[in-house]
Structure formats: structure tokens, C-alpha cells
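In this text, all values refer to a predicted model and were calculated from it rather than measured experimentally.
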Amino acid sequence: MQPSQSPPQSESIDDVAVEEILSLLADDYVRSILDALAAGPKPAAEIADHCSASTVTIYRRLNRLEAAGLVAVETQIAPDGNHRAQYRARPASIAISITETGLTGDLTVESTAEPPAGDYGHRPASTVGDD
């Protein structure tokens, strides 16, 4: 099945979302995660190796990136029946304006394609603690 070729969708984001996205992008681990995902989808363990960070730290950042719509999660089913989540960066652009009333912005994120066959969804992993 071919992914849909919908044009990017633009969403207005409020002041809290603008600050959250700026906070995400200011985080060294987040930038390292996005750098790791530039080469293609990867499981959290490979991302953690690339970032020289604990998987707990990486899962925390991935959950925040997913909530912001900047990362998508896909479940890959192996021939032996095991499965694992793979993360991919979603192409996005952010336009920020500074006005007298504060920060405003527009977030444009590539629309999500249909999940591949065999994708049974994703349930975020529970984590304890963070760096």
C-alpha cells in the first residue's frame, strides 16, 4: 500500500505549544535524537547508542517528540513473531513570531501516512526517572 501524498497540514499553535517546541529543540538529547533519525527509522536502543544516553532518557524525549507530532512510531513485526517500535522523524517546519502579546507560531507537519500492514499500534513504554 502506497503512503498518501497529502500536502503538509498547517496547525496554529498556542503560546504553551510554542514554548514546548522551543524547549524540545533546545534540548541536546532531542537534537541528537533528530540527528539519529535523519538517516531513517530506528528503534530506541539504536538511538540511545547514537546519543550516548540511557534508554530511559531517550524514551522520555521520544514520548515528548511524539506528543508534539515531530516523531512517529511504527511497530515492526519480525518473522519470529517478536515486535519492536521504530521511531521516525516527521518532516516539519515551524514559523515563530514575536509580537507585543508574546510568542505565536505555526507548525507544519507532514500528514501521517497509513500504518504499514502488520502495524498493531504502539503503546508508550513506562519509564522511571530521567537525566
Can you give me every donor-acceptor pair (side chain of residues 40-52, partner residue at least two apart or in another chain, under 3.5 Å) with its distance?
residue: K42; atom: NZ; partner: A36; partner atom: O; Å: 3.0
residue: H50; atom: NE2; partner: D35; partner atom: OD2; Å: 3.3

- Test side-chain contact (heavy atoms from CB on, under 4.5 Å), reference N63, set R60, R61, E66, output is E66
- Item | For D80, side chain to side chain contact (heavy atoms under 4.5 Å, CB included) partners two or more places apart | A78, N82
- Side chain proximity check, L24 to E20, heavy atoms < 4.5 angstrom: yes
- Message: Tell me the closest heavy-atom pair linking R88 and L37, and the distance in Å.
- Response: C-CD1, 4.1 Å
- Straight-line distance of Q86 CD to Q76 CD, nearest 0.5 Å: 4.5 Å
- Task: Indicate the atoms forming the closest heavy-atom contact of R90 with G69, along with that distance.
- Result: NH1-O, 3.2 Å
- Kindly indicate, with the supporting measurements, whether the criterion side chain to side chain contact (heavy atoms under 4.5 Å, CB included) is fulfilled by L25 and L34. CA-CA 9 Å; L25 297 176; L34 293 174; 4.1 Å; yes
- Task: Compute whether any side-chain donor of one residue and acceptor of the other, for T101 and T99, lie under 3.5 angstrom apart.
- Result: yes
- Item | Set of side-chain hydrogen bond (donor to acceptor under 3.5 Å, both in side chains) partners for R31, sequence neighbours left out | D28
- One should read off an interatomic distance between I58 CD1 and I33 CD1, to the nearest 0.5 angstrom, of 4.0 Å
